[in-house]
Amino acid sequence: MKGCVLGIDGGGTKTVCILMDKTGQVIGRGEAGPSNYQTVGLEAAGNSIRDAIAQAAAPLGEVSLEAICVGLAGVGRSQDVQAVRALVQQLLSSSELPVKPSLQLPSLEINHQELSADNLLHSQLSILHSSHVIVCNDSAIALVGGVGKPVGVVIIAGTGAIAFGQNHQGQTKRASGWGYLLGDEGSGYHIAIRGLRSVVRSYDGRLGETILTERIIQHLNLNSIEDLVEVIYRRGWGVKQIAALAPIIDEAAAVGDLIANNIISEAVEELVLAARVVSQALFKPDEAFEVVTMGGVWRGLANLRGRFATSLAEIIPSATVIWARHEPAYGAALLALQTLSPG
């Protein structure tokens, strides 16, 4: 099969691969483990990307590849891009995959077992033309997948949070996304940690009563709020485990708990702020564009997304809030496909 492209969405939980033909038709899909190389390492990330590609292409036999776009969490610096780009070229040169780069140089013999990502980067081997290998942050592919084109704004609110946008001139802007210690306001982690802090403040008498206390006790099977110390500190709970408590705060807000509702309102304000900063940096006041919301936080019961859309409309009436049209891996495939278009 000729004229195919690959789109890769790699995160801290899983890696998704979309195989697309030159007409834009999805012809294969695969999933594998995490590929945020900042957390799992370059080798493990490469294994997940390889497995996802293999699964997507397996039913099709040998596939001739013309372009690839890899959007990974944790890819921000130029050295990150270079490392992942080298890794991708090395993976595509492997005989293990049914995907064969159409621009491979057959006259160049090379021992792939001895070829590291670093020396591949500095070698003369060009498996795919460099313009046909895109490596970017996962926010960029989320925007393209969500909107269906590389113009607009994406607001991701899951475990973490980030706002990213691009305009018709190709200019980009991001806000938030600094991680759970420095930012990510409006994220699941941010909502959950505010809820836990409110519970202990309420227990002390530094804050009013809240149904969050009883709901946290029940959910974690605690004898008392004091047991939170053992759960959070001694068990070494991480970001994802804490963020998973966000639905409890959301549900409490939905049934009228004032303290929980204030937490959700604060999250809305932060997400609107990030959206406003990105939008106003990229688009003129009367320029129409779409804002796509992605991530589990938006699907809560406390109408966080509705509040967000209402608040944003008051500030930027030309913006239309939408649900994602496609997944991020689809957006990556679209970006790869664009490299084949003349001009």
Whether over 12 other heavy atoms sit under 6.0 Å from Q169 CD: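 Counting other residues, nucleotides and ligands, CD of Q169 exceeds 12 neighbours.
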Tell me if the CZ atom of R299 is crowded by more than 12 foreign heavy atoms within 6.0 Å.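 Open: at most 12 neighbouring heavy atoms sit under 6.0 Å from CZ of R299.
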[Y] backbone acceptor or donor facing [X] side chain under 3.5 Å:
X	Y	value
Q166	P150	yes
D257	I211	yes
S48	P34	yes
S202	S198	no

side-chain contact (heavy atoms from CB on, under 4.5 Å) involving [X] - partner list, sequence neighbours excluded:
X	answer
A57	L19, V63, P98, V99
L245	A192, L196, H219, L220, W237, I248
E287	H168, F283, K284
S279	V153, F289, I316

May I have all residue pairs that pass salt bridge (charged side-chain N to carboxylate O under 4.0 Å, His left out) and include part of [range], sequence neighbours excluded?
range	result
residues 234-254	E230-R235
residues 26-40	K14-E31, R29-E31, R29-E327
residues 259-270	R194-E266

With clusters defined by side-chain heavy atoms of hydrophobic residues (ILVMFWY) lying less than 4.5 Å apart, directly or transitively, does [Y] cluster with [X]?
X	Y	answer
L304	I249	yes
L65	L60	yes
L273	L271	no
L212	V255	no
M294	V151	no

Taking only residues at least two apart or on different chains, which pairs with a member in residues 173-186 satisfy side-chain hydrogen bond (donor to acceptor under 3.5 Å, both in side chains)?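 Qualifying pairs: none.
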Does any part of the side chain of [Y], heavy atoms only, come nearer than 4.5 Å to the side chain of [X], both counted from C-beta?
X	Y	answer
V26	Y330	yes
D138	P328	no
N36	L72	no
I225	V200	yes
I53	I8	yes
W323	R305	yes
V278	F164	no
C69	I141	yes

Nearest 0.5 Å, please: how far is [atom2] in [Y] from [atom1] in [X]?
X	Y	atom1	atom2	value
I155	T293	CD1	OG1	9.0 Å
I68	T339	CD1	OG1	10.5 Å
L340	C4	CG	SG	10.5 Å
R77	Q82	CZ	CD	11.0 Å
N137	T172	CG	OG1	10.5 Å
D51	L97	CG	CG	9.0 Å

Least distance between heavy atoms, [X] atom then [Y] atom:
X	Y	value
V40	A45	CG2-N, 3.9 Å
I191	G186	CD1-O, 4.1 Å
R85	S130	NH1-O, 3.0 Å
S187	V297	C-CG2, 4.0 Å
V5	A333	CG2-O, 3.6 Å
C17	A52	CB-O, 3.6 Å

Salt bridge (Lys or Arg N to Asp or Glu O under 4.0 Å) involving [X] - partner list, sequence neighbours excluded:
X	answer
R201	none
D204	R206
D227	none

Between L6, I27, L337, which is the residue that forms a side chain to side chain contact (heavy atoms under 4.5 Å, CB included) with M20?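 Of L6, I27, L337, side chain to side chain contact (heavy atoms under 4.5 Å, CB included) with M20 is met by L337 alone.
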Donor-acceptor contacts under 3.5 Å from residues 308-315 side chains, at least two apart:
{"residue": "T310", "atom": "OG1", "partner": "G306", "partner atom": "O", "Å": "3.0"}
{"residue": "S311", "atom": "OG", "partner": "R307", "partner atom": "O", "Å": "3.0"}

Q25 and D21: side-chain donor and acceptor closer than 3.5 Å?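 The answer is no; no qualifying pair exists.
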So, D286 versus S318: side-chain donor-acceptor pair below 3.5 Å or not?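 There is no such pair between these side chains.
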